[in-house]
Amino acid sequence: MHALIVVAHPNPGSLTHAVGHAISAGLAEAPGAHRGEFADLAAEGFDPRFTQDDIAVHLEGATPTADVLAEQARIARADALVLVYPVYWWSMPALLKGWIDRVFVNGWAYGTGADGKVEKRLRHMRVHLVALGGADQRTYARHGYFGAMKTQIDHGIFGYCGARVVRSELLLVEHGEDGAPQLEQARDLGRSLFAREDPVRDLAG
Ligand SMILES: Cc1cc2nc3c(=O)[nH]c(=O)nc-3n(C[C@H](O)[C@H](O)[C@H](O)COP(=O)(O)O)c2cc1C
């Protein structure tokens, strides 16, 4: 099986990158011939800005630009999509949000069915979300930030397209910590990425 591990962080020396690599290493250790493909959106220079070409795809069904088609093709080649990102302002970084805005488009990720209702086109897709945050658990709990992220990202984005969010993790690393437990957790996540064969369930709405 093949996992596309998408990392959205400008610094290749960051803990976020190390977590992405730990997931990939864990996947290689798992029984079976699994493979992780690393997609470093920052190093690859993915442009997250939504352009007139993108709005033409959304409104008029125009063909997406080559960079968007290439992203859709590599997602389509994968059995699982793993997103690894730092929490910026209680959500995902703009680089990753722009990637989703431009790539998960009308006509590919979803469409309009014959009955005029939204057609979810990514029902086959399994998604694993791994967010890293610098705030503490109490802050997240007090304000319901992680619940808000799950509503917006797991349900609002992937549920809308019919994809199954298999895992949604928040790894908190407070100032001064070395991140070793989080890296071990990431390795475990990689080892068990394809272990669970959950039925694809619809996130309603
Ligand atoms: C612009 C910016 C916004 C941030 N906002 C949050 C936030 O809302 N909540 C949080 O827990 N951490 C926040 N952080 C901290 C990052 O999530 C944290 O530094 C990162 O996860 C640590 O991983 P890294 O070493 O890979 O950067 C923010 C960091 C930056 C640079």
Side-chain angles (χ1 to χ4, degrees), residues 3-29 35-51 54 71 74-75 78 80-104 126-160 163 165-193 203:
L4 179 65
I5 303 169
V6 177
V7 176
H9 193 294
N11 179 6
S14 63
L15 186 61
T16 303
H17 274 256
V19 162
H21 287 298
I23 293 170
S24 184
L27 188 60
E29 288 165 10
R35 199 168 69 82
E37 178 184 352
F38 205 81
D40 179 347
L41 296 184
E44 291 171 3
F46 181 80
D47 188 347
R49 290 173 298 178
F50 203 77
T51 65
D54 297 309
E71 295 299 321
R74 72 175 170 177
I75 293 168
L81 179 64
V82 186
L83 301 187
V84 186
Y85 57 93
V87 178
Y88 284 176
W89 292 109
W90 318 109
S91 188
M92 59 175 64
L95 173 60
L96 187 58
K97 180 62 163 46
W99 184 77
I100 288 171
D101 290 349
R102 296 193 58 221
V103 176
F104 286 70
R126 284 168 170 74
V127 182
H128 302 254
L129 300 169
V130 183
L132 286 92
D136 59 31
Q137 191 70 55
R138 276 184 54 201
T139 305
Y140 273 89
R142 195 178 321 127
H143 302 285
Y145 285 135
F146 191 42
M149 286 172 62
K150 283 182 163 180
T151 300
Q152 188 248 315
I153 300 168
D154 305 26
H155 185 86
I157 298 172
F158 294 106
Y160 191 83
V165 177
V166 180
R167 266 196 199 82
S168 191
E169 306 285 346
L170 176 65
L171 308 184
L172 298 181
V173 186
E174 287 178 49
H175 194 66
E177 292 180 349
D178 65 0
Q182 289 78 8
L183 288 174
E184 194 42 53
Q185 203 179 331
R187 211 171 175 108
D188 278 347
L189 198 149
R191 283 190 204 106
S192 62
L193 201 75
L203 289 174

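First listed ligand is number 1; within each ligand, the first listed atom is number 1. Computed from a prediction, not measured in an experiment: that's the story for all the values here.
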Identify the protein heavy atom lying closest to [atom], giving its residue, its atom name and the separation to 0.1 Å.
{"atom": "atom 23 (O) of ligand 1", "value": "Thr16 OG1, 3.8 Å"}
{"atom": "atom 9 (N) of ligand 1", "value": "Trp90 CZ3, 3.2 Å"}
{"atom": "atom 5 (N) of ligand 1", "value": "Trp89 N, 2.9 Å"}
{"atom": "atom 20 (C) of ligand 1", "value": "Pro86 CB, 4.0 Å"}
{"atom": "atom 21 (O) of ligand 1", "value": "Leu132 O, 2.9 Å"}
{"atom": "atom 12 (N) of ligand 1", "value": "Gly134 N, 3.1 Å"}
{"atom": "atom 2 (C) of ligand 1", "value": "Tyr88 CD2, 3.5 Å"}
{"atom": "atom 11 (O) of ligand 1", "value": "Tyr140 OH, 2.7 Å"}

Indicate the ring-plane relationship of His9 and His17, choosing parallel, tilted or perpendicular according to the 30° and 60° boundaries.
perpendicular

For Ser14, take its heavy atoms, then give the atoms of ligand 1 lying under 4.0 Å from any of them.
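The atoms of ligand 1 under 4.0 Å from a heavy atom of Ser14 are 26 (O).
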
Taking every non-hydrogen atom, the tightest pair across [X] and [Y]:
{"X": "Gln152", "Y": "Ser91", "result": "OE1-OG, 3.3 Å"}
{"X": "Gln182", "Y": "Leu172", "result": "NE2-O, 2.8 Å"}
{"X": "Ala42", "Y": "Pro10", "result": "CB-CA, 3.9 Å"}
{"X": "Asp178", "Y": "Leu15", "result": "O-CD1, 4.4 Å"}
{"X": "Asn11", "Y": "Ser14", "result": "O-OG, 2.7 Å"}

Return all side-chain donor-acceptor pairs below 3.5 angstrom for residues 139-147, not counting sequence neighbours, or 'none' if the list is empty.
unit_1 : atom_1 : unit_2 : atom_2 : d
Thr139 : OG1    : Asp136 : OD1    : 2.6

N/O to N/O below 3.5 Å, does that happen between Val87 and ligand 1?
yes

I want to know if ligand 1 touches Leu15 in the polar sense, i.e. an N/O pair below 3.5 angstrom.
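Yes, at least one N or O pair falls under 3.5 Å.
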
From atom 25 (O) of ligand 1, is the closest protein heavy-atom distance below 4.0 Å?
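Yes, because at least one protein heavy atom sits under 4.0 Å from atom 25 (O) of ligand 1.
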
Heavy atom under 4.0 Å from ligand 1: found in His9's side chain, backbone, both, or neither?
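The answer is the side chain.
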
Which residues satisfy the salt bridge (Lys or Arg N to Asp or Glu O under 4.0 Å) test with Arg35, sequence neighbours excluded?
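Expected list: none.
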
For Val7, which of Leu41, Val84, Leu96 qualifies under side chain to side chain contact (heavy atoms under 4.5 Å, CB included)?
Val84

